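I have placed the structure first, in the form of structure tokens, so that the comments after it can refer back to it.
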Amino acid sequence: MFKKNRHGIQIKTPEQLEKMRAAGLVVGRTLQLLKESVQPGMTPLDLDAIAEKAIRAEGAIPSFKGYQGFPATICASVNDEVVHGIPGDRRKLRDGDIISIDCGAILDGWHGDSAVTVPVGEVDPALTELMRVTEEAMWQGIAALKPGGHLSDVGHAVEKYVRAQGRYGIPQEYGGHGIGTEMHMDPWVANHGKPGKGPRLEVGMCFAVEPMVNLGTARTKVLADDWTVVTIDGKPSAHFEHSVAVTHNGPWVLTALDGGRERFADVLGENAG
């Protein structure tokens, strides 16, 4: 049985959250392996093969493969590709590139979903800063997942942080989502907006918080493959994501290997195990 609140948002029991944590750890370990594997000369398809082998070795199933026809285990978005890049073998990664890797896994019917952006070799300082801003914006959004708060507090925190860092673009048509027995569930989690709006946050809710930040304009377009989203101006984009549970002790970051303990040590308590 899956409890839902009046807005239709799934509420997980402590036992169900433990199952989501197990799925989240599969994703977290896979992304850690991929981060360590990225190097010049590899192709995104090489990384995809590593990811599928790692996920299946843990008895899990890749969430993305076959999802609405998507052909791969990971989304691999290079440089000006914002999200949903299809891994291929035509282009090798080069020193100075950045690659966003989005990964999902299903374990015992529960989903984990997370993303990182990784430098390839030595990158321009502006790209290092873009990645830092995007990752920190994600953590700012995660920190807003407090019982009694509102869903829009997350997007407000993301946008407020990014705007304070400089002239970056935040694509407004893409964002996070609920997660649980499905990868993408209601509600949509915006990366912008005013605080205090939308459903109240309750213990047991789980969300994927995933800001995408562009070095230039916020405007994007979808390529002819009907998946890959790129920036209109051709400037690079970064993407970070974690799946997070709302708990009495603060956010429990289900796809972080430490549960978010290092980041939220003062509020997480035992949930970060």
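Remember, it's a predicted structure, so these values are computed and weren't measured experimentally.
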Next on the checklist: Closer than 4.0 angstrom, basic N to acidic O: yes or no for R263 and E136?
Outcome noted: yes
Next on the checklist: salt bridge (charged side-chain N to carboxylate O under 4.0 Å, His left out) for E18 and R21? Distances and angles first, verdict last.
Outcome noted: CA-CA 5 Å; E18 290 292 343; R21 172 62 168 158; over 6 Å; no
Checklist entry - For H84 and Y174, does a side-chain donor sit closer than 3.5 Å to a side-chain acceptor? => result no
Checklist entry - Is a side-chain donor or acceptor of D80 paired with a backbone partner of K235 at a separation under 3.5 angstrom? => result no
Next on the checklist: For the backbone of G178 and the side chain of D186, can you confirm whether one donor and one acceptor N or O come within less than 3.5 Å of each other?
Outcome noted: no
Checklist entry - Would you say S77's side chain and G85's backbone share a donor-acceptor pair under 3.5 angstrom? => result yes
Checklist entry - Would you find a donor on one side and an acceptor on the other, under 3.5 Å apart, between the side chain of R163 and the backbone of Y168? => result yes
Checklist entry - Under the 3.5 angstrom rule, does the side chain of T30 hit a backbone N or O of A51 as a donor-acceptor pair? => result no
Checklist entry - Looking only at atom types and distance, does a side-chain atom of H177 sit under 3.5 Å from a main-chain N or O of M183, one as donor and one as acceptor? => result yes
Checklist entry - Got a donor-acceptor contact below 3.5 angstrom from the N79 side chain to the I98 backbone? => result yes
Checklist entry - For the side chain of E81 and the backbone of V78, is there at least one donor-acceptor N/O pair under 3.5 Å apart? => result yes
Checklist entry - Given F264 and W252, is the ring-ring contact (aromatic ring centres under 6.0 Å, His included) satisfied, shown in steps? => result CA-CA 9 Å; F264 300 119; W252 184 13; over 10 Å; no
Item to check | Chi angles and distances behind the salt bridge (charged side-chain N to carboxylate O under 4.0 Å, His left out) call for R56, E52 | outcome: CA-CA 6 Å; R56 295 194 185 279; E52 181 167 8; 2.9 Å; yes
Checklist entry - More than 12 foreign heavy atoms under 6.0 Å from CD of E122: is that the case here? => result no
